[in-house]
2 protein chains.
Amino acid sequence: MQEEPLQGKALVGGKPDDETFVDSYLLYLLAAASRKASEQFHSRIRQNGLRVPEWRVLAGLMDKDGAMVTRLADIALMEQSRLSHIIDQMDKRGLVTRKFDTDDGRRKRIFLTDHGRQLATKMVAEAREHEAGLLQSLADTDAERIKPVLTALLKHLNNDKPT
Amino acid sequence: MQEEPLQGKALVGGKPDDETFVDSYLLYLLAAASRKASEQFHSRIRQNGLRVPEWRVLAGLMDKDGAMVTRLADIALMEQSRLSHIIDQMDKRGLVTRKFDTDDGRRKRIFLTDHGRQLATKMVAEAREHEAGLLQSLADTDAERIKPVLTALLKHLNNDKPT
DNA sequence: ACAATGTATATGAATTTTCATACATTTTTT
DNA sequence: AAAAAATGTATGAAAATTCATATACATTGT
């Protein structure tokens with residue numbers, strides 16, 4: 001927690017583009033694009049009394065209602081134990097419910113409640129609306145081609161699964 | 001925390017593709033691509049005794065050593081207060097150091113220490129290496145075109161700054 | 001020159017997230 | 001058919017992150 005004096009603007013500031021790292025680093029571009037693109041919508045999520053991970057769970061369940069925990073965690077881009085905690089809370093709030101899987105006693109399957117589905121439906125509509133605006137503002141841009149590119153990347157990433 | 005019986009595979013599983021939401025939702029694709037693409041490298045980061053946000057700080061400083069806190073938080077994709085906490089820890093570990101800005105007494109500027117720069121340099125090398133592998137495995141794929149597309153998207157996102 | 005307003009960072013309590021592991025069940029091996 | 005290994009979920013303590021706000025300095029308007 002030391003504090004030294006000296007050093008001002010002088011030393012700081014831009015390098016020539018060919019010396020920068022992050023701006024041309026794929027994983028950074030992905031993370032940055034995701035964060036910056038999502039910022040606005042994330043605040044809409046909060047305005048609806050949800051946190052981002054909860055929204056991801058709702059959205060995931062809209063596509064795969066009754067998903068098992070592990071699968072849902074994968075879809076919702078979070079760790080299993082975190083999902084368990086979040087399900088606890090969403091269950092208490094009456095948004096989702098757990099049911100035993102008939103075939104495999106280890107599994108629980110997560111379902112939207114009526115209330116949950118109602119909220120999810122509303123949010124999906126907002127999401128689509130927001131996305132439309134985003135995509136429209138992208139028209140006539142390179143970024144326009146982004147969806148197929150991301151889809152291809154994801155497909156690729158899901159194949160030769162990690163080390 | 002209720003647990004009901006019944007319900008198995010029967011109700012679960014895939015909808016036709018045109019009914020799914022997340023798989024065609026831009027913000028989801030971005031978040032998923034980012035997470036899945038980064039997974040492997042993130043474990044490398046931890047193997048080097050860093051957490052992901054710390055790596056982002058190091059990487060950011062490689063490009064903009066002496067950045068002010070707010071700017072660095074933006075680069076490192078995190079909130080200002082979080083960065084402050086992280087700087088505390090990195091400072092204690094001797095990776096970075098705070099210096100007063102001569103021109104504006106409110107500002108602090110963050111610099112890599114020698115040790116920090118050494119580690120950052122090593123990690124950047126690893127990152128580039130890892131990225132090369134990723135890009136290579138992408139060759140002859142749509143995803144190949146991803147960088148320019150993301151760059152365009154980011155540029156766009158940074159212009160008409162949020163509402 | 002002085003309020004008033006705005007900006008930059010730090011701080012600490014509250015909340016969220018992670019990490020390691022426990023527990024229950026299923027699958028595989030012998 | 002046991003035993004061993006693997007899988008699915010939950011749990012709780014530890015650690016990280018957020019949120020609201022304090023503090024300090026800068027800028028603006030009068």
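First the proteins, then the strands, lettered A, B, ... as listed; each starts at 1.
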Do the side-chain N or O atoms of A/R98 get closer than 4.0 angstrom to the phosphate oxygens (OP1, OP2) of D/dA10?
yes
Is there a donor-acceptor contact under 3.5 Å from the side chain of A/D63 to the main chain of B/V22?
yes
Checking A/D91 side chain against A/T97 main chain: does a donor-acceptor pair fall under 3.5 Å?
no
So for B/R106 and C/dT9, does any side-chain atom that can act as donor or acceptor lie under 3.5 Å from a complementary atom in the base?
no
Specify the separation, in whole Å, of atom CE of B/M68 and atom C1' of C/dA10.
14 Å
At less than 4.0 Å, is any side-chain N or O atom of A/T70 found next to OP1 or OP2 of D/dT7? Yes or no.
no
Under the rule for side-chain contact (heavy atoms from CB on, under 4.5 Å), what residues qualify as partners of B/Q118, not counting sequence neighbours?
none
Would you mind reading off the distance between A/D88 atom CG and C/dT16 atom C1', rounded to a whole angstrom?
13 Å
Let me know the distance between CG of B/D103 and P of D/dA26, rounded to the nearest Å.
10 Å
Contact letters for nucleotides 15-23 of chain D, in which S counts primed atoms plus P, OP1 and OP2 and B counts the base, heavy atoms under 4.0 Å:
-SSBBB---
Residue pair A/D104/B/L83 against DNA chain C: nearer the 5' end by closest nucleotide is B/L83
Using the side-chain contact (heavy atoms from CB on, under 4.5 Å) criterion, which residues pair with B/Q89? Sequence neighbours excluded.
B/R51, B/I86
Between B/D104 and B/R109, does any side-chain N to carboxylate O distance fall below 4.0 Å?
no
C/dT7 C1' sits how many Å from B/R71 CZ, rounded?
16 Å
Separation of atom CG in A/L77 from atom C1' in C/dT18, rounded to whole Å
17 Å
Angle of first-five versus last-five pair axes in the helix from C/dA1-D/dT30 to C/dT30-D/dA1, to 10 degrees:
40°
Within the side chain of A/R35, is there an N or O that forms a donor-acceptor pair under 3.5 Å with the backbone of B/L77?
yes
I'd like to check the side-chain contact (heavy atoms from CB on, under 4.5 Å) partners of B/S38; sequence neighbours left out, ordered by chain and number.
A/L27, B/S34, B/H42
List in chain and number order the residues that pass side-chain contact (heavy atoms from CB on, under 4.5 Å) with B/Q80, two or more places apart in sequence or in another chain; answer none if no residue qualifies.
B/V69, B/S84
Looking only at side-chain N and O atoms, does B/H156 offer a donor or acceptor that is under 3.5 Å from a partner on A/T141?
no
For D/dG8 and A/K108 - does any side-chain N or O of the residue sit under 4.0 Å from the phosphate oxygens OP1/OP2?
no
